[in-house]
Amino acid sequence: MTMPAAFDDWLANSNAPEGVVEVLTVLGRTCAEISTVVAGGALTGVLGASGVVNVQDEEQKKLDLITNDMLTEALLACPVVAGVASEEMDTVQPATNADGAWLVLFDPLDGSSNIDINAPVGTIFSILKSPNAAPTEADFLQPGRDQLASGYVLYGAQTMMVLTTGQGVAGFTLAGDGTWRLTHDAIQIPADTKEFAINMSNRRHWAEGVQRYIDGCLAGVEGPRGKNFNMRWVAAMVADVHRVLMRGGVFLYPWDKREPNKPGKLRLMYEGNPMALLVEQAGGKATTDGVQRILDVEPTQLHQRIPIALGSANEIDQVAAA
């Protein structure tokens, strides 16, 4: 059996700017180290709550803080990085590199509620061009269409990295020797699907259009859609979107009326934008409501939240029409 192509070789032929390649190399190496830390679990004392609350007023897990520190330290040590922003930090952290040209945003460990039950979690990242050598928070507030690269690492039965540099989507699997190997080339999301992912317990809080769409799916072959659907829900965006990329489907985290003044729950800069770029590069659609393209949302805050509806293109059109 021929050994799959190495991550470094794929990057060298990706046509990404040299600095982006360097940043992705650091991210790949650090996420491989994170995979080992996550796998240690209770044996290494990294499970459980930290007792610290983040800027989103959420209690952080020990692994949230550990992985955030690992990524921050590795990226700020990279000479081409001008600054970083994390879901777990109040504001941005500029680098001291005079030649830094790139900004990196990340969710160090998406799906924190899954940590203590040994369910999938992941790291999500995004790379932007820095308009200044000493970036401020305002320099990070660029629309998703300006991303040079984005991706995620899923820590599951296998550790996988899925990324794009704007020319399609590729998937890599972490080998036993600690190297990444290309195992999924030219990932494409099927245009049609019979699967949806949503937290059904919140149905009564959704807007009427989302309720109509889901009710149509649940009605099965006798309903308006004329086919049976299955529901999937992992409670970690990185895992639910990974399933969409691997076999199709839709992922919805809609606005709900419990907090009507908040547009949504997921973060535009750390979750919405990087996942939207991946989904579009794989032939799917990524929207806030079935219509508005996530990559065209103009950010106004570093920790801005949005509703999300993404996945198989024809199914997202059905969400819009509901």
Side-chain angles (χ1 to χ4, degrees), residues 4 7 10-11 24-41 46-47 61 63-64 66-68 70-71 74 86-88 104-127 149-165 168-176 178-189 195 197 232-251 253 266-267 270-279 281-282 284 286 308 310-311:
F7 180 52
W10 183 90
L11 282 177
L24 289 171
T25 300
V26 171
L27 284 165
R29 182 173 63 248
T30 308
C31 287
E33 295 169 357
I34 289 173
S35 178
T36 300
V37 173
V38 171
V46 298
L47 301 185
K61 301 288 189 178
L63 275 173
D64 286 325
I66 293 168
T67 55
N68 184 75
M70 291 174 70
L71 285 162
S86 165
E87 181 179 311
E88 301 300 339
V104 188
L105 302 95
F106 55 87
D107 179 351
L109 206 64
D110 178 71
S112 295
S113 63
N114 284 343
I115 290 173
D116 295 338
I117 61 168
N118 197 22
V121 293
T123 298
I124 309 173
F125 56 83
S126 171
I127 301 174
S150 75
Y152 62 80
V153 173
L154 176 66
Y155 311 108
Q158 303 91 41
T159 297
M160 279 194 65
M161 174 167 51
V162 177
L163 68 85
T164 181
T165 57
V169 179
F172 304 82
T173 301
L174 188 62
T179 62
W180 296 99
R181 293 286 172 175
L182 179 65
T183 50
H184 298 71
D185 196 11
I187 295 170
Q188 284 287 301
I189 299 173
E195 288 189 344
R232 300 286 185 257
W233 186 251
V234 184
M237 185 188 190
V238 67
D240 281 310
V241 173
H242 184 71
R243 183 183 57 254
V244 168
L245 283 161
M246 292 295 105
R247 69 185 192 200
V250 292
F251 169 82
Y253 211 127
L266 298 180
R267 289 79 174 175
Y270 310 108
E271 297 163 319
N273 278 339
M275 292 305 201
L277 185 63
L278 285 167
V279 167
Q281 284 290 314
I308 285 181
L310 59 75

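These numbers were taken from a predicted model, which means no experiment stands behind them.
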- Item | Test item: Val38 and Leu109 side chains (from C-beta on) under 4.5 Å apart, heavy atoms | yes

- Item | Listed partners of Thr25 passing side-chain hydrogen bond (donor to acceptor under 3.5 Å, both in side chains), at least two apart | none

- Task: Using a 4.5 Å cut-off on heavy atoms from C-beta on, say whether the side chain of Val153 contacts that of Leu163.
- Result: no

- Query: Taking the side chain as C-beta and beyond, is there a heavy-atom pair between Ile189 and Val279 under 4.5 Å?
  - Reply: yes

- Query: How many angstroms lie between CZ in Phe125 and CG in Leu24, if you round to the nearest 0.5 Å?
  - Reply: 6.0 Å

- Taking atom types as modelled and ignoring hydrogens, do the side chains of Asp64 and Ser112 form a donor-acceptor contact shorter than 3.5 angstrom? yes

- Can you find a pair of side-chain heavy atoms, one from Val238 and one from Met275, that are under 4.5 Å apart? yes

- Mind checking the NE2-CG spacing from His242 to Leu154? Nearest 0.5 Å is all I need. 5.5 Å

- So CG of Leu245 and CG of Asp240: to nearest 0.5 Å the spacing works out to 11.5 Å

- Query: Relative to each other, are the rings of Trp233 and Phe251 parallel, tilted or perpendicular (30° and 60° limits)?
  - Reply: parallel

- Message: Quick check against the 3.5 Å criterion: does Thr179 have a side-chain atom that pairs as donor or acceptor with the backbone of Ala175?
- Response: no

- Query: Ala149 and Leu277: which non-hydrogen atoms are nearest, and at how many Å?
  - Reply: C-CD2, 4.2 Å

- salt bridge (Lys or Arg N to Asp or Glu O under 4.0 Å) against Arg247, all qualifying residues, sequence neighbours excluded: Glu195

- Task: Please name the pair of heavy atoms, one in Val26 and one in Ala74, separated by the smallest distance, quoted to 0.1 Å.
- Result: CG1-O, 3.7 Å

- Query: What is the minimum heavy-atom distance between Ala32 and Leu174, and which atoms define it?
  - Reply: CB-CD1, 3.9 Å

- Do any N or O atoms from the side chain of Glu271 and from the backbone of Arg267 form a donor-acceptor pair under 3.5 angstrom? yes

- Task: Indicate the atoms forming the closest heavy-atom contact of Pro108 with Thr123, along with that distance.
- Result: O-OG1, 2.7 Å

- Can you name the nearest heavy-atom pair linking Ala236 to Gly111, along with the distance? CB-CA, 3.7 Å

- Between the main-chain N or O of Met237 and the side-chain N or O of Asp110, is there a donor-acceptor pair closer than 3.5 Å? yes

- Nearest heavy-atom neighbours spanning Gln281 and Gly168: OE1-N, 2.7 Å

- Any chance you could lay out the side chain to side chain contact (heavy atoms under 4.5 Å, CB included) test for Ile187 and Met246, step after step, and finish with the verdict? CA-CA 7 Å; Ile187 295 170; Met246 292 295 105; 3.5 Å; yes

- Message: So Trp180 and Leu11, do their side chains get closer than 4.5 Å, heavy atoms only?
- Response: no

- Item | Side chain proximity check, Pro274 to Phe106, heavy atoms < 4.5 angstrom | no

- side chain to side chain contact (heavy atoms under 4.5 Å, CB included) between Val37 and Thr67: does it pass, once the steps are laid out? CA-CA 9 Å; Val37 173; Thr67 55; 5.6 Å; no

- Task: Please indicate whether Glu33 has more than 12 foreign heavy atoms, meaning atoms of other residues, nucleotides or ligands, lying under 6.0 Å from its CD.
- Result: yes

- Test item: Leu71 and Ile34 side chains (from C-beta on) under 4.5 Å apart, heavy atoms: yes

- Looking at CG of Leu278 and CG of Asn273, how far apart are the two atoms once the value is rounded to the nearest 0.5 Å? 11.0 Å

- Query: When rounded to the nearest 0.5 angstrom, what distance separates CD in Glu88 from CG in Asn68?
  - Reply: 6.0 Å

- Query: Between the side chain of Thr173 and the main-chain N/O of Met160, is any donor-acceptor distance below 3.5 Å?
  - Reply: no

- Message: Using 0.5 Å steps for rounding, measure from the OH atom of Tyr155 to the OG1 atom of Thr36.
- Response: 10.0 Å

- Does a side-chain heavy-atom distance below 4.5 Å link Met161 with Cys31? no

